[in-house]
Amino acid sequence: MLDIQLLRKDLATVVARLATRGYPLDAPRFEALENERKDIQTRTQDLQAQRNTLSKQIGMAKGKGIDASDLMQQVPAVNTALVDLEARLTIVQDAMQAFLEGIPNLPQAEVPVGKNEHDNVELRRWGEPRAFDFTPRDHVDLGEGLDLLDFPTAVKIATSRFALMRGDLARLHRALAQFMLDIHSGEHGYEEVYVPYLVNAEALRGTGQLPKFEEDLFKVGDNLYLIPTAEVPVTNIVAGEIIPVENLPIRLVAHTPCFRSEAGSYGRDTRGMIRQHQFDKVEMVQMVHPDDSSAALEELTGHAETILQRLGLPYRVMALCTGDTGFSAARTYDLEVWLPGQNAYREISSCSNFEAFQARRMQARFKNEAGKNEFIHTINGSGLAVGRCLVAVLENYQEADGSITLPEALRPYMRGVERLHADES
RNA sequence: GGAGAGGUGGCAGAGUGGUCGAAUGCACCGGAUUCGAAAUCCGGCACACGGUUUACCGUGUCGGGGGUUCGAAUCCCCCCUUCUCCGCCA
């Protein structure tokens, strides 16, 4: 959520900056709501002050044993007017709140202006895509060829967009998550957390998934939703808190499954594990002093890159343009890993600075140097998407016979297994 | 699942219809004392919003919502939540 003071003070600038991300802010509506609110609120407060004064006088009179019936006769008229005004005030305030919650974050000045993913800017590349002396297969052919990846059975149990992994592939999947978690918690200074996989609407509102993106979520029962990313439970750890400034920055990492309905993505990435209803992800979250958030985003992005580098997976870093930046983010870098099976770079991590956007929704603050409560900044990023990382390992490390040579870094997690290969039989 | 007890400022904890946004203690900030510190003493110290604008005035907030009343932290109803005991259970 944006600071309403910013809209009051400099509406034109806000409109212009939001326009770069393709969001048409309804300025006349804002001004109309604001004027109505101001009018009703001042009138309401005047009446409340009148009532308070009268009641206080009645109390004083009764305390002295004086008859107060004159005063008491004056109150009902005030109250009648108040009932109406207070109701109208609530309506305007709710409308304003809903209006504000629907506005996306302002992109930072450095974000390249553009319409969609085609306008994203490549910042750097790491690693050389391997030259194959055979036609590389994609992870579906590889996994099924090894009898370790099974989509039909997953469909039988659940529905499409689910996967079943077996044996050493299931183990490799677990190894990847462990490996990532160990590096972030052991080398990058993150505290590992285990969090609920079901969250309430308030938490989702805090990080910005609700109210706008309910159709992307799986709802369970009356009040709970399966998490679409660990960002939701992890970031909300600080919701409503006033954090001692010396505790900043807070760095947290969690490995969780993520659940997405993928509404509106029919026909996209229907083959394989790229786009699933359920996938695992290791997520890094930082809560920082506002002065430090830009540096923290660079740092966190580097932490995600470290994983790809240790696994020897070629990737590039993309600066998302204004039009492709997510609702809550002020700035986002995507990491795209090279997938030989698709002959393309594909997103494997998304790292964003949300500035105070989520903190304002969550009421997550710290006491600043002046002793005033101030909103923290939040940053998060995948480090990495486990399923897509598994895909990348399979495709980049495949051999001509369909076997997979495992990267050195993972071998300690694979009880000595160095290759995935089909049974001899 | 059954029974009971609670949710008040950063924390602890008073307050059961009227000058209560709320005693007291701790923590914190400023000052005195001290060579300095501890201890002690004095003072300050919730948040949000609105109006005016450095001072100021007003409104709202005592888990959330609704009700009674001229007036609610205090009475009534509903919900959420925490704790204790019993049962069950990975």
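Throughout, protein chains are lettered first and strands after them, A, B, ... in sequence-line order, and every chain is numbered starting at 1.
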Answer yes or no: is there an ion pair linking [X] with [Y], defined by an N-O contact shorter than 4.0 Å?
X        : Y        : answer
A/Lys281 : A/Glu283 : yes
A/Arg174 : A/Asp280 : no
A/Arg166 : A/Asp150 : yes
A/Arg365 : A/Glu241 : no
A/Glu299 : A/Arg251 : yes
A/Asp84  : A/Arg43  : no
A/Asp67  : A/Lys62  : no

Given [options], the nucleotide with the shortest approach to the side chain of [X]:
X        : options             : result
A/Gln48  : B/G60, B/G50, B/G71 : B/G60
A/Gln41  : B/G21, B/G18, B/C49 : B/C49
A/Asn79  : B/C70, B/C49, B/U19 : B/C70
A/Ile58  : B/U59, B/G50, B/C70 : B/C70
A/Met72  : B/G50, B/C70, B/U19 : B/C70
A/Arg365 : B/C70, B/A48, B/G51 : B/A48

**OP:** Decide if the gap between the ring center of A/Phe366 and the ring center of A/His289 is smaller than 6.0 angstrom.
**Re:**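 They qualify: ring centres under 6.0 Å apart.
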
Original post:
Below 6.0 angstrom between ring centroids: does that apply to A/Tyr225 and A/Phe218?
Top reply: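 So the answer is no for these two rings.
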
Just how far, in rounded Å, is [atom2] of [N] from [atom1] of [X]?
X        : N     : atom1 : atom2 : value
A/Asn223 : B/U81 : CG    : C1'   : 14 Å
A/Ile40  : B/G51 : CD1   : C1'   : 16 Å
A/Phe375 : B/C47 : CZ    : C1'   : 11 Å
A/Leu47  : B/G50 : CG    : P     : 19 Å
A/Gln74  : B/G71 : CD    : P     : 14 Å
A/Asp46  : B/G60 : CG    : P     : 12 Å
A/Gln45  : B/C49 : CD    : P     : 12 Å
A/Gln93  : B/U59 : CD    : C1'   : 11 Å

Check every strand shown and say whether [X] touches a base, only sugar-phosphate, or nothing at a heavy-atom separation below 4.0 Å.
X       : value
A/Gln5  : sugar-phosphate
A/Lys62 : base
A/Leu54 : nothing

Subject >> Residue met sooner reading RNA chain B from 5', once A/Ala49 and A/Lys56 are mapped to nucleotides >> reply: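 Residue closer to the 5' terminus by nearest nucleotide: A/Lys56.
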
Subject >> Residue closer to the 5' end of RNA chain B, A/Arg51 versus A/Val75 (nearest nucleotide) >> reply: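 Of the two residues, A/Arg51 wins.
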
Rounding to the closest angstrom, what is the interatomic distance between [N] and [M] at atom [atom1]?
N     : M     : atom1 : value
B/A5  : B/G9  : P     : 23 Å
B/C41 : B/C26 : P     : 9 Å
B/G51 : B/U33 : P     : 45 Å
B/C47 : B/G43 : C1'   : 23 Å
B/G71 : B/U19 : C1'   : 12 Å
B/C79 : B/G7  : C1'   : 14 Å
B/G6  : B/A73 : C1'   : 15 Å
B/G10 : B/G1  : P     : 34 Å

**OP:** Output yes when at least one side-chain N/O atom of A/Asn52 is less than 4.0 Å from OP1 or OP2 of B/G60, else no.
**Re:**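 For B/G60, OP1 or OP2 has a side-chain N or O of A/Asn52 closer than 4.0 Å.
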
**OP:** Using a cut-off of strictly less than 4.0 Å, decide whether A/Lys38 has a side-chain nitrogen or oxygen near OP1 or OP2 of B/G51.
**Re:**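 A/Lys38 to B/G51 OP1/OP2: side-chain N or O found under 4.0 Å.
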
Original post:
Atom CZ of A/Arg161 and atom OH of A/Tyr266: how far apart are they, to the nearest 0.5 Å?
Top reply: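 Here the interatomic distance stands at 9.0 Å.
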
Subject >> Aromatic plane relationship, A/His188 with A/Tyr190 - under 30° parallel, 30 to 60° tilted, over 60° perpendicular >> reply: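 A/Tyr190 vs A/His188 ring planes: perpendicular.
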
Subject >> Watson-Crick or G-U stems of RNA chain B, 3 or more pairs, under 3.5 Å, by first number >> reply: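 Output for stems: B:1-7 with B:80-86, B:10-12 with B:24-26, B:28-32 with B:40-44, B:46-51 with B:56-61, B:63-67 with B:75-79.
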
Look for any protein N or O under 3.5 Å of an N or O in nucleotides 52-55 of chain B and output each such pair with its distance, or none.
none

Subject >> Working for side-chain contact (heavy atoms from CB on, under 4.5 Å), residues A/Cys389 and A/Leu313 >> reply: CA-CA 9 Å; A/Cys389 194; A/Leu313 295 169; 4.2 Å; yes

